[in-house]
Amino acid sequence: MAGQLRYDDQVVVVTGAGGGLGKAYALFFGSRGAKVVVNDLGGSFKGEGNSTKAADVIVDEIKKAGGQAVANYDSVENGEKIIETAIKNFGRVDVLINNAGILRDVSFKNMSDQDWDLIMKVHVKGAYKCARAAWPYFRKQKYGRVINTASAAGLFGSFGQCNYSAAKLAQVGFTETLAKEGAKYNIICNVIAPIAASRMTETVMPPDVLENLKPDWVVPLVAVLVHKNNTDENGSIFEVGGGHIAKFRWERSSGLLLKADDSYTPGAVLKQWNKVTDFSDPQYPSGPNDFMSLLEDSMKMGPSDK
Ligand code: NAD
């Protein structure tokens, strides 16, 4: 059996750690030897107001249990201040969990610029600012672990959440690029699409479902991904909740390959549309190079191949 994973002397920054998933991460890392920066703006789930209480309560709980933690009350839009709290109090930063989030649900027809911009600011700019501020430290010490938080809404779309969906799928592209840029510095970045009972979900799911979706049940995956022993999973996407963990990947149909000349017409495409959508022999591309090699094959085709 695997021994208990520990994070002794590591500094873990958790954004939005005053409640829900962030609270569960912070309490866990605080109980496993880490020094935790508990960041939370302390506003409503719609991003209104602010308070120091949310973060303070969690810091107290970690300390009472014998752990080490410090509060930070800045918005993730000011990520440099959050990382500064880690450096000033603990001298380093090892793990960043970009978790803070809000909702501004409204149908696309009624979406205002304000609803759009606020979601982008908290989720997209917030994750960027925190990671950007931690990055020089990670590179210098040749060590860093990052978790970004996507959502099923981003992967599949969700009625009334186009702002949130766009911001959440952005976490996937962001993570995949950071994973590529960070790899040679031992900076490992992964993205999760969690599902858990929290103030965000308590109004949209029935109590018996929520009972089976404790935030604690997202923690083990995150704990594994940010541990120093994880050097394999980098730039990966995971779906996690209620005790279930699954890895996501892109799937491409076997596809239609036509010679790109005058014969390449909409009619020619329509004639073989079934090949465009045929997933019976799928490919699992891992980067744009796969597509480029397909195009090279197309260029080699003679008229008889059409
Ligand atoms: P939550 O509302 O309980 O927790 C989010 C926390 O972030 C709150 O404590 C809030 O005060 C804090 N926060 C909000 N804006 C902030 C800001 N600008 N700066 C700092 N802190 C801020 O919600 P949760 O369900 O625990 O969500 C955590 C993350 O998981 C979010 O990114 C959310 O989008 C994502 N998520 C959750 C679910 C789910 O099922 N709960 C599903 C998919 C994605």
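One-based numbering, in listed order, for ligands and for the atoms of each. From a predicted model like this one, the values you see are computed outputs, not experimental measurements.
T175 and N148 form a side-chain donor-acceptor contact under 3.5 Å, judged by distance and modelled atom types alone. Donor-acceptor pairing under 3.5 Å is recorded for the side chains of E77 and S75.
R145 contributes a side-chain N or O that, together with a main-chain N or O of H227, makes up a donor-acceptor pair within less than 3.5 Å. Between the N163 side chain and the R104 main chain, a donor and an acceptor come within less than 3.5 Å of each other. Looking only at distances, a side-chain donor or acceptor of N230 sits under 3.5 Å from a matching main-chain atom of D232.
For ligand 1, the protein residues placed under 4.0 Å by at least one non-hydrogen atom are G16, G19, G20, L21, N39, D40, L41, G42, G43, D74, S75, V76, N99, A100, G101, I102, V122, H123, T149, A150, S151, Y164, K168, P194, I195, A196, S198, R199, M200, T201.
For residues 17-43, the set of pairs meeting the side chain to side chain donor-acceptor pair (under 3.5 Å) definition, not counting sequence neighbours, comprises N39-N72.
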